[in-house]
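Working notes for the structure below.
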Amino acid sequence: MCGIVGILGKNEVSPLILESLKRLEYRGYDSAGIATVNLGKLDRRRSVGKLLNLSDHLVSNPLSGKSGIGHTRWATHGAPTIVNSHPHQSGTSVAVVHNGIIENFNDLKSKLIAKGANFESETDTEVIAHLVHKFLESGMHPTDAVKETLPLLQGAFALCFLFSGEPDLMIAARQGSPLAIGYGNDEMFIGSDAIALSPLTNKISYLEEGDCAVIQRHSVKIFDQSDNLVERKINKIKPDQTRSSKDGFKHFMLKEIFEQPEALSRVITKYISADGKSITIKCSEMDLDKIEKITMVACGTAYLACATAKYWFEKFARIPVEVDIASEFRYREPPLTKDTLAIFVSQSGETADTLAALRYAKIHAKKVISIVNVSESSIARESDLAIPILAGPEISVASTKGFTNQLAVLAILALKIAAEQNQLSSPQLQTYLANLRYLPSLQNDVLDASPKIEKISRKLSKITNMLFLGRGVMHPLALEGALKLKEISYIHAEGFASGELKHGPIALIDNKVPVVVIAPTNDLFEKTISNMHEVMARDGKVIFVTDREGSEVASKGSWEIIEMPKITHLFAPIVYAIPMQLLAYYTAVTKGTDVDQPRNLAKSVTVE
Ligand code: F6R
């Protein structure tokens with residue numbers, strides 16, 4: 001969360017920083033700010049709310065300077081106000097932007113106040129500016145002042161500093177939160193990710209844990225945790241890492257929903273052989289035949305992808321699977337055995353809790369596989385094997401194509417492990433692979449039904465509560481449907497295993513509560529329909545999501561029906577996810593909420 005940019009440029013940098021911040025706005029949009037060194041002095045502009053406000057502010061109050069740092073904030077300590085906005089300064093000597101949390105800031109702040117420091121904000125970040133300022137005042141060079149400060153800070157951070165009287169100097173540091181350096185011609189850049197820097201340069205290196213980089217227009221010196229001068233590999237960014245446009249869609253979310261058949265086809269083409277007979281994920285060193293247990297860890301929607309995949313791993317490979325929320329897993333210190341495969345799923349590859357959980361598993365599990373969308377992310381780089389989901393950039397905060405492509409990769413991995421463990425014959429494997437290869441066209445069929453879903457959603461905009469029910473492999477999808485709806489429409493929604501209804505949640509049902517029942521005609525259909533009748537008997541308004549056969553036999557009494565193509569096999573969630581996404585999307589649009597940047601949320605959660 002929070003996006004950081006820094007530029008030592010040849011020309012005025014404010015417009016470039018603003019442009020890069022736009023590409024980082026998915027990380028937070030509570031406030032934004034820029035500081036520059038102009039005629040040797042620090043100057044800054046800050047605005048509350050979205051970047052548009054900062055951009056308007058800069059029109060009436062231009063900010064000059066050829067070196068500068070910028071920030072877009074997702075508030076942690078202190079409300080979104082001007083004084084809490086970054087960059088933070090102490091006196092006129094140093095400005096800093098920060099992504100992360102300084103856990104011992106209260107202690108540091110008390111000590112600084114006791115020595116006479118005046119704080120203007122409630123943020124944890126301001127202590128950093130005061131500490132560096134104090135060391136500068138004692139006569140230290142900026143590099144030494146930063147190096148003295150860093151060991152005093154506990155927590156996670158990515159930092160970028162700018163100093164008065166130093167128009168050719170930026171200092172960046174990373175501990176826990178990602179940071180990339182971009183190399184230009186007579187210019188240098190810093191960014192929270194490659195997306196921010198892609199219009200400026202295609203040459204990127206990533207700072208590693210504990211690194212501190214001293215950056216000038218013609219040189220970069222990187223010091224590791226032990227203060228040794230080190231080199232970090234310079235990578236060329238691929239075009240697919242660059243942020244794309246809405247391509248005529250009203251929102252990124254809608255565009256990304258409609259991209260799913262194409263994104264899914266990429267996974268199928270990449271990981272299933274052209275003859276449809278085998279899986280081409282390269283994992284010979286992973287000893288998949290020797291695994292006896294699987295632990296899967298993730299957050300939010302990615303966690304629900306894991307919860308879905310549990311059914312696949314257990315069904316196909318007959319391996320017991322535990323699924324955990326990363327923020328719980330990391331502090332529980334679960335006993336992992338040396339025959340356990342740990343799988344981490346993260347679209348961004350930067351989620352702080354998932355990364356911390358991965359680091360624990362690296363020590364205790366046999367092997368660590370990550371399933372990521374961003375191949376250069378921290379989670380990918382720290383795994384024994386990273387399998388890209390190939391969804392392309394996902395800009396909307398609510399994950400859509402990321403989720404379905406995570407599911408597809410997990411399904412293929414489950415089949416791969418099952419095959420390695422001799423749990424599947426070749427004909428069985430080929431049947432499952434054929435099922436997967438049909439899915440993009442089935443997704444297209446569902447997208448064709450979006451006008452119907454839009455119509456249903458118009459009836460939902462006034463409701464205050466909604467439930468989602470599913471059984472078996474559709475249970476996690478019920479949770480995902482509820483998560484998506486509350487995330488972008490702010491309607492309270494909960495998902496349940498339909499069999500659990502009568503153990504409590506049924507008390508919520510009345511004629512004001514729409515209940516989405518996800519019920520393909522599979523082996524659990526009859527059971528789910530019994531639960532649906534329990535809802536109808538209590539006047540619940542059922543939105544029945546099923547195929548033609550299901551609708552013919554059981555739709556009587558439903559409030560609405562969303563008809564799906566026939567999919568009886570276990571991969572149905574990869575298609576049934578789409579009506580859940582569209583319901584949430586069109587409901588949010590009808591309510592007029594900010595679909596791509598819903599309140600209080602950010603795309604990349606780099607704080608715990
Ligand atoms: C919901 C959503 C979040 C993310 C979660 C994990 O639509 O997008 O719940 O799934 O924050 O993010 P990643 O996958 O980047 O680790």
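Residue numbers start at 1 and run along the sequence shown. As the structure lists them, so they are numbered: ligands from 1, and atoms in each ligand from 1.
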*May I ask you to check whether F316 and F571 place their ring centers less than 6.0 Å from one another?*
yes

*Ion pair check, K50 and E25, cut-off under 4.0 Å*: no

*Going by the order shown, which atoms of ligand 1 are within less than 4.0 Å of some heavy atom of V397?*
8 (O)

*asked:* I'd like to know if L601 contacts ligand 1, where contact means a heavy-atom distance under 4.0 Å to any ligand atom.
replied: no

*Number the atoms of ligand 1 from 1 as they appear, then name those within less than 4.0 Å of a heavy atom of A398, with their elements.*
7 (O)

*Under 3.5 Å, is there a donor-acceptor pair between the E394 and S399 side chains?*
yes

*Heavy atoms, side chains only, cut-off 4.5 Å: are Y586 and I456 in contact?*
no

*Given T351, I371, V605, which one has a non-hydrogen atom that is nearest to atom 12 (O) of ligand 1?*
T351

_For K484, state whether at least one heavy atom is located under 4.0 Å from any atom of ligand 1._
yes

*Using a strict 4.0 Å cut-off to heavy atoms of A302, name the atoms of ligand 1 that fall inside it.*
10 (O), 14 (O)

*Considering only the protein, which heavy-atom contact is closest to atom 15 (O) of ligand 1, and what is its distance?*
S348 OG, 2.7 Å

*Could you tell me whether K484 and E480 make a salt bridge, using a distance below 4.0 angstrom between a side-chain N and a carboxylate O?*
yes

*Less than 4.5 Å apart, any side-chain heavy atom of V516 and any of F468?*
yes

*Counting each atom of ligand 1 from 1 as listed, which ones have a heavy atom of S346 under 4.0 Å away?*
13 (P), 14 (O), 15 (O), 16 (O)

*Looking only at protein heavy atoms, which one is nearest to atom 14 (O) of ligand 1, and how far off is it?*
Q347 N, 2.7 Å

*Parallel, tilted or perpendicular: rings of H86 and H71 (30°, 60°)*: parallel

*Distance to 0.1 Å, residue and atom name: give those for the protein heavy atom nearest to atom 10 (O) of ligand 1.*
T301 N, 3.1 Å

_I need the atoms of ligand 1 closer than 4.0 Å to a non-hydrogen atom of E487, numbered in the order shown._
1 (C), 2 (C), 7 (O)

*asked:* My understanding is that we take every heavy atom of each candidate and find the minimum distance to atom 6 (C) of ligand 1. Doing that for C299, A298, G300, which one comes out nearest?
replied: C299

*Going by atom types only, do S378 and E350 share a side-chain donor-acceptor pair under 3.5 Å?*
yes

